[in-house]
Colleague: 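The structure is given below, and queries will be raised subsequently.
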Protein chains: 2
Amino acid sequence: MPSEMNINICASVWLVEDNQHYRQTMVDLINQSQGLDCKYAFDSCEAAIEQMRTAEPPEIILLDIGLKGMNGVEGVKRFKEITPATHVVMLTIHEDSNLVFEALCAGASGYLLKDSSPERVIESVKEVLAGGAPMNAQIARKVVESFRQFNLPKGDYGLTEREKEILGHLVGGLSKKQIAEKLFISFHTVNTHIRNIYEKLQVNTRSGAISKAFKERLV
Amino acid sequence: MPSEMNINICASVWLVEDNQHYRQTMVDLINQSQGLDCKYAFDSCEAAIEQMRTAEPPEIILLDIGLKGMNGVEGVKRFKEITPATHVVMLTIHEDSNLVFEALCAGASGYLLKDSSPERVIESVKEVLAGGAPMNAQIARKVVESFRQFNLPKGDYGLTEREKEILGHLVGGLSKKQIAEKLFISFHTVNTHIRNIYEKLQVNTRSGAISKAFKERLV
DNA sequence: TTAAGAATAGCACGTTTGTGCGATTGAGAT
DNA sequence: ATCTCAATCGCACAAACGTGCTATTCTTAA
């Protein structure tokens, strides 16, 4: 009974950091903070992963991005595979945009500069618990722009609705005959639609049409 | 000569905002700020787009997200089509995550709460000029997570290097014969590789393989 | 040293595709 | 009232594809 009493009051935190001094400082800081409980601290991702085999995963992992052995970016990937619900916050010395950016792509929820004030550290952790993603404006911009790269260039080749529908079925892997059956139209009609699609997309194989459909976000 | 003298000193700003009072306040604020020059202010996206037909596009557009007529999200899309280099910062009253998020996807560089302090307004504009993306942690998290959705699920079907290479050529639209020529191997070998790819991906058509390659980010 | 797997190569045959020619119908625009 | 365009349907045929079997070489792991 006594041990289960505070699981909802305190958010559990794990720390992965190879500098022993900094590690102890952080553990103390976290444990002094109301609502946070640093259950374990490790000097490598491997050790933390090992601990996960037996212990309840934490709500938050603070993870040094520049570890020896398995580095921070790799670490995030592994942690998120094992326990997707756990938030990972990167600890970094300098704001190396690329590294932090990679970590975010790999599943990190935000990052924290190592020389942040104790107040800022605690604030960031609570920000993550509240559904936020602590990061600076430069990183945010990189993320937004990369995101846009995947989202925006929605090409328009003047496909009709019917053509888009049939293109969708091509992507779905159906043969002409199967499409005809599904749409209650003749095989020849499907054939005609497909030639028109090919002409508009400027391709002459199914593969080309499907690739274009994905690349230009037509589907 | 005199008119060209300050083009590199002052960043040009346009404002699109339908509340006349707030518009005037903002124009004054921007023009009082060193390094910023609010060249035009409009009460609709349509008016701003019209102006773009004749005037040099600005470096930054401050754009109300809740306009009548063409709304802010639509506006961003149009602006970025016309002048991709221009940064668009959304102006919003309440932090409606979804709307702001959409605007960011559509090309906005950040957003600004309308009740921000004058200092914060100017700071945000300069943040954008410096390559940042002003936004709060909640929005940042949404962006990161959406981004991850596109980036992460990199499936692994145990394809060998050679198979991945050939899958790439299938996506590229090459026929078996063309792949054989490109790789200096026999048609039959390509045939064998493709059957193995199909088996590993659990498909039995080229379309299926290509779709899977895109969906699972194998390429 | 043996087993497993990756890369290579081959043949046969039915199915599917891409493309050369058409055609008719109906809705909407000029 | 004419015209354009989307959607429908048709035939023929060469080329490409998918899949049933088999087989050799070389590397790497057990």
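Here is how names work: the chains are called A, B, and so on, in the same order as the sequence lines, proteins then strands, and each is numbered from 1.
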Colleague: For a 4.5 angstrom cut-off between non-hydrogen side-chain atoms, does A:S44 reach A:L67?
Modeller: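 Counting from C-beta outward, A:S44 and A:L67 never come under 4.5 Å.
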
Colleague: Students often get this wrong, so: under 4.0 angstrom with heavy atoms, is B:T160 touching a base, only sugar-phosphate, or nothing?
Modeller: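 Counting heavy atoms under 4.0 Å across all strands, the contact made by B:T160 is with sugar-phosphate only.
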
Colleague: Expressed in angstrom and rounded to an integer, what is the separation of B:L159 atom CG from C:dG5 atom C1'?
Modeller: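 Interatomic distance, CG of B:L159 to C1' of C:dG5: 15 Å.
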
Colleague: Given that B:T205 and A:L183 both sit by DNA chain D, which one's nearest nucleotide is further toward the 5' end?
Modeller: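 The answer here is A:L183.
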
Colleague: Measure the distance from NZ on B:K177 to P on D:dG18 and round it to the nearest whole Å.
Modeller: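 Distance, rounded to whole Å: 15 Å.
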
Colleague: How many whole angstroms separate atom CD of A:E199 from atom C1' of D:dA6?
Modeller: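 Rounding to the nearest Å, CD of A:E199 and C1' of D:dA6 are 14 Å apart.
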
Colleague: Who does D:dA1 pair with, Watson-Crick or G-U, both distances under 3.5 Å?
Modeller: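 Its partner is none (no Watson-Crick or G-U wobble pair with both distances under 3.5 Å).
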
Colleague: Tell me the partner of C:dT17, counting only Watson-Crick (N1-N3 plus N6-O4 or O6-N4) or G-U wobble (N1-O2 and O6-N3) with both under 3.5 Å; none if nothing fits.
Modeller: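 When the pairing criteria are applied, D:dA14 turns out to be the nucleotide that pairs with C:dT17.
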
Colleague: Whole-Å distance between D:dA15 P and B:F187 CZ?
Modeller: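 In whole Å, D:dA15 P and B:F187 CZ are 13 Å from each other.
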
Colleague: Please figure out whether A:T192 or B:L174 has its closest DNA chain D nucleotide nearer the 5' end.
Modeller: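 Counting from the 5' end, the first nearest nucleotide belongs to A:T192.
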
Colleague: Starting from the 5' end of DNA chain C, give me the residue, B:R195 or B:E163, whose nearest nucleotide shows up first.
Modeller: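 On the 5' side of the pair lies B:E163.
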
Colleague: Can you find a side chain N or O atom of A:S186 that sits less than 4.0 Å from OP1 or OP2 on D:dT8?
Modeller: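 For D:dT8, OP1/OP2 do not have a side-chain N/O of A:S186 under 4.0 Å.
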
Colleague: Can you measure A:I194 atom CD1 to C:dT16 atom P for me and round it to whole angstrom units?
Modeller: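 Going from A:I194 (CD1) to C:dT16 (P), I get 13 Å.
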
Colleague: Given that B:N196 and A:Y198 both sit by DNA chain C, which one's nearest nucleotide is further toward the 5' end?
Modeller: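 Looking at DNA chain C, the more 5' nearest nucleotide goes with B:N196.
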
Colleague: Kindly say if B:R162 contacts the phosphate of C:dT8, meaning a side-chain N or O under 4.0 Å from OP1 or OP2.
Modeller: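 Looking at the OP1 and OP2 atoms of C:dT8, one of them is under 4.0 Å from a side-chain N or O of B:R162.
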
Colleague: Is A:N204 side chain donor-acceptor paired with the C:dT19 base, going by distance under 3.5 Å alone?
Modeller: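 No.
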
Colleague: How far does CG of B:L62 sit from CD1 of B:I30, to the nearest 0.5 angstrom?
Modeller: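 The distance works out to 5.0 Å.
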
Colleague: For residues A:V89 and A:S124, determine if any side-chain heavy atom of one lies less than 4.5 Å from a side-chain heavy atom of the other.
Modeller: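 When only atoms from C-beta onward are counted, A:S124 and A:V89 do not touch, as no gap falls below 4.5 Å.
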
Colleague: Without swapping roles, check the side chain of B:D64 against the backbone of B:V16 for a donor-acceptor pair under 3.5 Å.
Modeller: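 Flag not set: sc B:D64 to bb B:V16 has no pair under 3.5 Å.
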
Colleague: Provide, to the nearest angstrom, the distance between the CG atom belonging to B:N191 and the P atom belonging to D:dC21.
Modeller: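 Atom CG in B:N191 sits about 15 Å away from atom P in D:dC21.
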
Colleague: Kindly point out which of C:dG18, D:dG18, C:dT19 is positioned nearest to the side chain of B:R206?
Modeller: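 Among C:dG18, D:dG18, C:dT19, the one nearest the side chain of B:R206 is D:dG18.
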
Colleague: Hey, are the side chains of B:W14 and B:P57 touching, using non-hydrogen atoms and a 4.5 Å cut-off?
Modeller: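 No - every pair of side-chain heavy atoms lies 4.5 Å or more apart.
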
Colleague: Rounded to the nearest angstrom, tell me the gap between atom CZ in B:F184 and atom P in C:dA7.
Modeller: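 After rounding, the reported distance stands at 18 Å.
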
Colleague: Round to a whole Å and report the spacing from NE2 of B:H188 to C1' of C:dG10.
Modeller: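 One finds 5 Å between C1' of C:dG10 and NE2 of B:H188, rounded.
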
Colleague: Nearest to the side chain of A:S175, heavy atoms from C-beta on, is which of C:dA9, C:dT16, D:dG10?
Modeller: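 Minimum distance to the A:S175 side chain belongs to C:dT16.
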
